[in-house]
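This report concerns only the one structure given below.
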Amino acid sequence: MNFWTDPIKVLYDWLMSLFGGWGMAEPLANTLVTLLGIVVLITIALVLDIFLVWIERKVVARFQGRLGPNRVGPFGIFQPFPDIIKLVIKEDITPDGADKVVFNIAPVLSAGSVIILWAVLPIASRIYGVDLNVAALYIIAAGALGTLSVIMAGWSSNNKYALLGAFRQVAAMISFEIPMVAMLLVPTILVGSMSLNAITQAQVDGVWFFWLSPLGSLIFAISAIAELGRSPFDLNEGESEIVSGYHIEYSGMKFGWFYAGELLHAFTFGGFMAIFFFGGWHGPWAEEYPLLGAFYFVLKALFGYWVIMWVKYTVPRIRIDHMLAFNWKFLTPLSFALLIVTATVHVLMRDAAFWLYVAAMFTSNLLLGWLTVEILRSYTREKREAVPSAAHH
Amino acid sequence: MIPLSWFLYLSAVLFSIGLYGVLARKNAIAILLGVELMLNAVNINLVAFWRMGNLALMTGQVFAIIVFAVAAAEVAVGLSLVISVYRRHNTVIADELNLMKW
Amino acid sequence: MIDASQVIFLLSAGLIVVSAVMVVSVRNLVHAALWLVSTLFGVAVVYAVLEASFLAVAQVVVYIGAIAIMFIFAVMLTRRDLLSKSEQTNANWVWALGLAAIVFVALAFIISGYGASLNRLPAAMPEGYDPISALGNALVSPEGFALPFEVASVLLLAALVGSVYVALNKAKE
Amino acid sequence: MATETIVWLLPLPPLLAFFLIVLFTNKSKALSHSIGVGAALLSFVGSMVVFFRALSVEHFGEGEHIFASSIPWLPTGDTFLRVGVQIDPLSAVVLFFVAWTILMIFLYSVGYHNFGQPKGDHDHPGLPPHGATVTDAHGHKHTVLSVEPMYSRFFAFLGLFAAGMYTLVISDNLLTLFVGWEIMGLCSYLLIGFWYAKPSARNAAIKAFMTTRVGDVFMLLGLAYLYSATGTLSYREIFYNQEVLHHLAETSSHVFGLSAAGLIALLLFIGTIGKSAQWPLHIWLPDAMEGPTPVSAMIHAATMVSAGVYMVIRIFPLLTADWHGHDLTTAMSVVAFIGTFTAIFAATIAVAQNDIKKVLAYSTISQLGFMISALGMGAYIAAAFHLVTHAFFKALLFLGSGSVIHGMEHGVLHTGNHHVDPQDMWNMGGLRKKMPITFWTFLIGGFALSGFPLVTAGFWSKDEILADAFAHGHWAILITLSTAALLTAFYTMRQITLTFLGEPRTKEAEHAHETPWTMTLPLAVLAVFALGYGWVGIPEHFPGLGGLLPNWFHHFVGATLLEHPEAVEFSPIPLGISLLVALGGLTLGWLVYKDVKAGQPDPLQKPLGVLYPFLQNKWYFDEFYAFFVIKPMTWISEEFSYKWMDRQLIDGILHTVAQTALWIGSSLRNYFDKPIINELLGDKLGAYWTFQPAGRALSKAQTGRVQSYLIGAVAVFLLVAAALYLFIF
């Protein structure tokens with residue numbers, strides 16, 4: 001065992017012996033090391049967040065045919081630092097009518113609800129915070145805290161637009177939580193465990209779950225985008241109607257927390273996409289060399305993040321009623337149907353040859369997707385045909 | 001290691017506070033908040049007894065989950081009733097809803 | 001000697017009790033609902049201490065993610081009473097306080113009556129025992145609790161339909 | 001996949017298809033029929049896998065050598081109600097024909113409902129399509145067949161029907177059998193009344209539903225009796241358990257001197273009388289021809305009526321529980337009588353029918369009578385064999401007649417003369433040249449029905465029934481069934497001759513047209529079975545052929561029973577009889593009808609005299625029921641129940657009670673309240689002044705505040721709890 005094969009263990013042993021050498025009792029040292037680990041993990045996440053600001057700005061610019069930041073540092077890579085300095089030195093305003101305590105807690109809760117997700121992320125083999133046996137549900141629980149922070153921010157601002165934005169966001173988050181939970185159940189069914197480590201390991205030993213449930217990964221991606229409140233589902237901000245939504249009254253670093261939380265959230269969901277459907281840290285030699293696995297993981301998460309951005313800067317915002325109808329009338333029934341199909345095929349085929357099992361899963365997903373498209377087509381065809389005759393009357 | 005009685009005392013405290021909320025608060029929504037506290041107190045007991053008893057017997061946890069479901073149903077129906085009442089009488093103060101007074 | 005789990009328990013119990021008192025005493029109902037969130041979070045921690053991890057997480061998802069949010073929505077939808085700065089307790093609050101106290105004393109009396117038998121400590125989790133799969137099996141196996149589970153789901157469905165019906169604004173039609 | 005798993009899954013695809021089509025795809029015809037046919041195909045493949053796996057099991061059917069699996073379903077106190085599936089030899093062969101015929105009927109329906117044709121000009125949902133006008137490349141207008149407006153709905157119902165039949169076949173207990181049974185009852189109602197805008201279809205649907213309901217009520221009684229007597233409804237625990245059977249046979253039911261077994265079997269058999277259209281509940285089946293033809297094939301060949309016979313075959317051990325081999329028990333005699341009578345009775349009616357489908361309807365009743373009769377005299381294998389062969393050739397005949405009607409409709413659209421009934425055989429003739437595939441397949445089906453010697457399946461199965469009757473010396477049955485068989489051959493040849501042979505008698509018949517491949521392919525497939533299926537059941541000692549193929553069917557299905565039935569000894573007499581009646585009937589039919597010209601009356605009309613209208617009007621059974629059942633019922637409900645019971649007796653009692661209460665109230669007021677309370681106590685003694693403050697004080701407790709009441713409730717609860725704690729524990 002050396003640093004390259006199990007870095008966390010090596011570091012842990014080293015720190016324990018170090019603290020022990022200082023004459024510290026073992027439980028105390030253990031607690032201290034754990035706390036240190038938490039701090040380091042959060043720091044890494046936040047440093048990554050700074051990097052994400054640059055990526056986001058650069059990618060937007062490219063989508064819009066611009067260059068993006070290019071003055072500070074090579075390719076403008078140090079642009080986030082001036083950004084942060086600006087945010088920090090801005091006046092920190094708390095509106096008069098605001099509910100001060102709630103107003104100040106909300107941004108912390110918002111960023112915190114994202115950061116606690118990192119506790120369960122298996123970044124590489126043998127590198128993770130905790131191996132929680134209900135991790136898939138834990139993600140939803142953290143999302144619930146996010147919902148809470150939004151409504152707290154919206155309400156405490158004492159501003160109509162903020163409250164409207166918060167209502168919209170909460171409506172969206174609660175509705176899209178349902179297909180998302182259903183799709184989290186797909187890997188759970190396939191593995192028989194909600195632990196993210198077990199889910200990743202199952203994909204390392206078998207195939208990426210994308211091949212078992214392509215439709216599931218698509219539904220998960222859509223509902224994740226809605227959970228994040230990113231375009232085309234960014235009704236919470238809706239500049240043209242409600243100015244800036246629930247964080248309209250926030251300025252300075254308080255706004256910064258919302259902003260940082262959103263970016264990190266998007267990246268983290270990219271990571272979850274990777275874990276649930278694209279093998280997590282799986283890649284060549286990743287099992288032996290965890291740092292390589294961490295590299296793969298970040299790469300995959302960035303890819304997921306990039307897809308989310310791609311969608312965001314390509315697709316225009318839709319109307320709130322369309323969004324909710326889309327969820328309740330289309331995505332939710334479809335995700336339940338997929339769940340039933342997945343469970344049935346899994347139970348029926350799990351004893352068959354592996355390639356047969358994969359083929360059955362993949363085909364059943366495609367079939368369901370095809371059927372859905374056909375059904376939608378037959379409905380819209382009727383609607384389309386009905387339009388000209390309606391115009392006559 | 002925490003003895004069973006700690007949980008029971010905690011649950012008793014929580015239950016009594018919830019009961020006070022139900023009996024004393026004016027606002028119908030606040031009454032429902034009190035009910036939630038009482039339900040949670042019960043749940044603490046159920047789970048504690050599961051943990052201290054036979055681990056293989058899942059009755060405690062299953063009951064807790066059913067209490068969750070009941071709580072969710074109760075809140076959904078209760079709050080919709082409150083909102084419906086609010087639309088009709090423009091109040092959610094329980095004392096003002098005294099049509100049944102002699 | 002007090003150990004780590006006891007510290008966590010005492011901290012969360014303190015959080016639960018303080019928040020619960022705030023829930024029933026603060027004037028601003030949104031604050032009351034937020035204090036409820038904090039109470040429920042404390043209860044989730046208690047579940048975690050009891051190693052009922054599924055319930056702990058489900059507590060957060062169901063109570064904080066759904067029930068508390070619903071409360072906050074309802075408070076906001078009935079805003080007239082939210083703004084009133086009047087007393088939030090009714091005339092009988094002294095009686096209520098007295099009764100609640102009696103209930104607590106009675107419960108404490110009964111609990112203490114069992115004496116040492118309640119000082120039982122939790123047994124260690126057997127190696128390889130997964131309470132989550134045990135719970136899942138208990139919920140869906142006909143020998144277990146499939147029927148109560150089904151009944152609970154029917155109840156939820158009925159509540160869904162019923163609350164939509166009750167809260168539907170019929171004046172518009 | 002484990003065979004048991006497949007068996008569990010068999011009813012699922014059609015059921016899912018039903019829900020999918022109803023909920024989602026009903027807007028798209030192509031999608032709906034793809035789902036419907038696809039589901040039928042899935043179930044078919046599954047059934048074939050199960051069937052061939054069953055063939056490969058040695059000693060299949062004996063003891064534990066079956067496919068069975070069951071799960072606890074509902075906790076009933078300490079025990080569980082278990083449901084499950086099982087495939088034994090009997091259900092395996094039934095599954096075989098059910099899967100084939102259902103798949104063929106699904107495929108056929110695509111063509112029958114004119115998929116791919118344009119929408120009709122004046123078509124309405126609930127009416128058969130009337131045809132559409134199209135303009136071809138040269139600007140000529142043509143009238144062509146139009147697509148069924150409720151196409152998707154048809155496949156949805158058909159799917160549910162198939163799911164019901166599969167459920168029934170794979171069931172391992174009478175309860176789930178009954179579930180499937182009732183699903184089919186519902187579907188027959190929905191499908192017979194498929195063209196619900198036609199009053200006749202509506203009435204036929206209601207008639208079918210109500211008539212079968214009569215049988216179902218008795219069947220449910222039988223189930224209840226069986227459950228209370230044995231505490232289970234599982235086949236294995238009742239029919240394969242000598243102790244239980246013996247116990248049931250020994251127990252007296254106190255009804256007509258029947259044993260419990262006999263009474264239960266008869267009650268269940270009444271369900272079959274309704275479902276399989278036996279006399280006297282046969283009246284719904286001919287009317288059911290109002291449904292689309294694939295439905296007729298589905299109900300009358302593949303599924304529903306077969307289900308009735310299948311059930312009697314299932315309960316055969318119960319029916320014969322106290323039978324020792326020779327003299328028939330009371331229960332068996334009843335069954336045998338009803339079957340035999342139905343066989344001859346329906347055959348006579350079929351002779352005088354003009355509607356091509358009505359002939360087949362009565363022939364179905366008659367053939368089912370053959371099977372029931374065979375069961376009644378203990379010929380288990382023969383009944384099962386005839387059930388299977390009949391399903392094939394009757395499905396073939398129905399689908400063939402649908403094809404004929406379709407061809408005739410083509411002619412009707414061509415000439416535009418809508419007064420011509422495309423189902424009346426007198427309007428046909430000479431169709432063999434226009435519709436060759438339909439002709440040849442119909443001929444095969446007809447010959448199988450008549451029992452044409454050696455080459456057709458119907459010959460072998462019918463011969464076995466007659467041989468059984470002969471071997472056990474049931475002369476009356478033998479003679480009656482032989483006559484029925486003669487009539488069968490006669491009316492079949494009459495039908496073939498009138499429809500296909502000779503010259504066209506109308507212009508429409510001249511312009512008839514062969515139907516698309518989706519319709520002719522099922523005909524061809526079924527024709528193969530109508531010919532070939534008989535070869536699996538050739539008696540072992542049959543001259544010449546017997547040794548070639550061992551009597552596979554007998555050995556395979558015979559293993560279902562605890563005591564394997566013995567094959568009857570070969571005798572040339574029943575063989576001669578069946579040769580004679582089959583060939584004689586066919587020849588007679590051909591001779592009588594070969595020269596019929598257009599406008600000529602039925603040649604039978606003269607020789608039969610008054611008998612002819614009697615037969616044509618179905619022995620006046622509908623009129624009989626209308627007069628003796630429906631009229632009295634209407635009278636009872638109208639005059640007795642409504643006018644006398646409800647309005648006079650019950651309302652009268654209620655009114656009296658109300659009047660009495662009023663009287664008591666006013667008396668109290670006038671003689672107690674006013675004089676004593678008000679005047680004496682109140683005014684004279686002045687108690688008024690004490691009552692009022694007391695009332696005032698008490699009314700304060702009635703605050704209308706829910707929480708005050710709750711405080712009271714909690715206080716009382718605490719007091720009671722304290723009292724209980726202190727004094728009891």
Side-chain angles (χ1 to χ4, degrees), chain B residues 1-6 8-10 12-21 23-27 29-30 32-34 36-37 40 43-44 47-48 50-52 55-56 58 61-62 64-66 68-73 75-77 79-84 86-87 90-95, chain C residues 3 5-6 9 13 16-17 20-21 23-24 29 32-33 36 39-40 43 46-47 50-52 55 58 62 66-67 70-71 74-75 77-78 80-81 88-90 93 96-97 99-100 103-104 107-108 111 118-122 129 134-135 138-139 145 148 152 155-156 159-160 162-163 166-167:
Chain B
M1 295 308 236
I2 308 154
L4 177 59
S5 53
W6 291 23
L8 300 186
Y9 283 118
L10 173 64
V13 173
L14 194 55
F15 188 85
S16 309
I17 295 172
L19 182 65
Y20 168 75
L23 293 180
R25 294 283 270 186
K26 255 183 179 173
N27 191 313
I29 296 175
L32 286 175
L33 288 176
E36 289 309 309
L37 293 181
N40 267 279
N43 261 2
I44 291 179
V47 180
W50 163 74
R51 185 67 186 86
M52 310 294 166
L55 281 175
M58 300 308 289
Q61 288 214 34
V62 170
I65 285 176
I66 286 171
F68 280 8
V70 170
V75 168
V77 176
L79 288 180
S80 60
L81 281 173
V82 168
I83 286 170
S84 181
Y86 181 73
R87 286 217 187 96
N90 211 19
T91 180
V92 289
I93 305 299
D95 287 359
Chain C
D3 69 13
S5 66
Q6 286 177 338
F9 174 81
I16 290 171
V17 173
V21 170
V23 169
V24 295
L29 271 180
L36 178 74
T39 316
L40 300 174
V43 175
V46 170
Y47 291 159
L50 284 167
E51 293 174 82
L55 282 180
V62 174
I67 292 181
M70 251 197 303
F71 270 115
V75 172
L77 285 171
T78 56
R80 198 179 68 86
D81 295 316
Q88 282 291 320
T89 47
N90 61 26
W93 70 273
L97 192 60
L99 276 178
V103 167
F104 174 69
L107 286 174
I111 295 169
L118 287 185
N119 288 335
R120 127 162 44 156
L121 295 173
Y129 177 68
L135 178 61
L139 279 179
F145 300 90
L155 171 78
L156 277 176
L160 182 75
S163 56
V166 170

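Each chain gets a letter, A, B and so on, in the order its sequence line appears, and its residues count up from 1.
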* Structure fact -> Max heavy-atom pairs within cutoff under 4.5 Å with chain B, candidates F104(C), W93(C), F71(C), goes to F71(C)
* Asked: Of the non-hydrogen atoms in S5(C) and I2(B), which two are nearest, and what is the gap between them?
  -> O-CD1, 3.7 Å
* **From L29(C) atom CG to K26(B) atom NZ, the distance as rounded to the nearest 0.5 Å** => 12.0 Å
* Structure fact -> Cut-off 4.5 Å, heavy atoms of chain B, and the answer for L50(C) is both
* **Spatial distance of atom CD (Q61(B)) from atom OH (Y47(C)) [nearest 0.5 Å]** => 10.0 Å
* Asked: Can you find a pair of side-chain heavy atoms, one from L135(C) and one from I65(B), that are under 4.5 Å apart?
  -> yes
* Asked: With only heavy atoms counted, which part of L10(B) is less than 4.5 Å from chain C, the side chain, the backbone, both or neither?
  -> side chain
* Close side-chain approach of V166(C) to V77(B), heavy-atom, < 4.5 Å -> no
* To do: Count the heavy-atom pairs under 4.5 Å between each of A13(C), A138(C), A20(C) and chain B, then report the option with the highest count.
  => A20(C)
* chain C contacts, top residue of L81(B), N40(B), L23(B) (heavy-atom pairs, under 4.5 Å) -> N40(B)
* Nearest-0.5 Å distance, CG of residue L36(C) to CG of residue L32(B) -> 10.5 Å
* Asked: With only heavy atoms counted, which part of L160(C) is less than 4.5 Å from chain B, the side chain, the backbone, both or neither?
  -> neither
* Any idea which heavy atoms bring A52(C) and V47(B) closest together, and the distance? -> CB-CG1, 3.7 Å
* To do: Measure A66(C) against the heavy atoms of chain B and call it side chain, backbone, both or neither at under 4.5 Å.
  => neither
* What residue, out of I44(B), L19(B), V70(B), has the most heavy-atom pairs lying under 4.5 Å from chain C? -> I44(B)
* Check ring-ring contact (aromatic ring centres under 6.0 Å, His included) between Y9(B) and all other residues, then give those that pass, not counting sequence neighbours. => none
* To do: Would you mind checking which part of L79(B) comes under 4.5 Å of any heavy atom in chain C, side chain (CB onward), backbone (N, CA, C, O), both or neither?
  => side chain
* Asked: Who wins among V62(C), L40(C), L156(C) for the most heavy-atom pairs under 4.5 Å with chain B?
  -> L156(C)
* Is there side-chain contact between L37(B) and V24(C), with heavy atoms separated by less than 4.5 Å? -> yes
* So, do N43(B) and V43(C) sit near enough that their side-chain heavy atoms are less than 4.5 Å apart? -> no
* Most contacts with chain B, counted as non-hydrogen pairs under 4.5 angstrom, among A100(C), A32(C), G162(C) -> A100(C)
* Asked: Any idea which heavy atoms bring P148(C) and I66(B) closest together, and the distance?
  -> CB-CD1, 3.7 Å
* For chain C, the option from R25(B), M52(B), M58(B) that forms the most heavy-atom pairs under 4.5 Å -> R25(B)
* Would you name the heavy atoms of A56(B) and Y129(C) that are closest together and state the gap between them? => CA-OH, 3.4 Å
* Structure fact -> Taking every heavy atom of A76(B) against every heavy atom of S163(C), the minimum-distance pair comes out as O-CB, 3.4 Å
* What option among V75(B), L33(B), L8(B) has the most heavy-atom pairs under 4.5 Å with chain C? -> L33(B)
* Taking the side chain as C-beta and beyond, is there a heavy-atom pair between T39(C) and L14(B) under 4.5 Å? -> yes
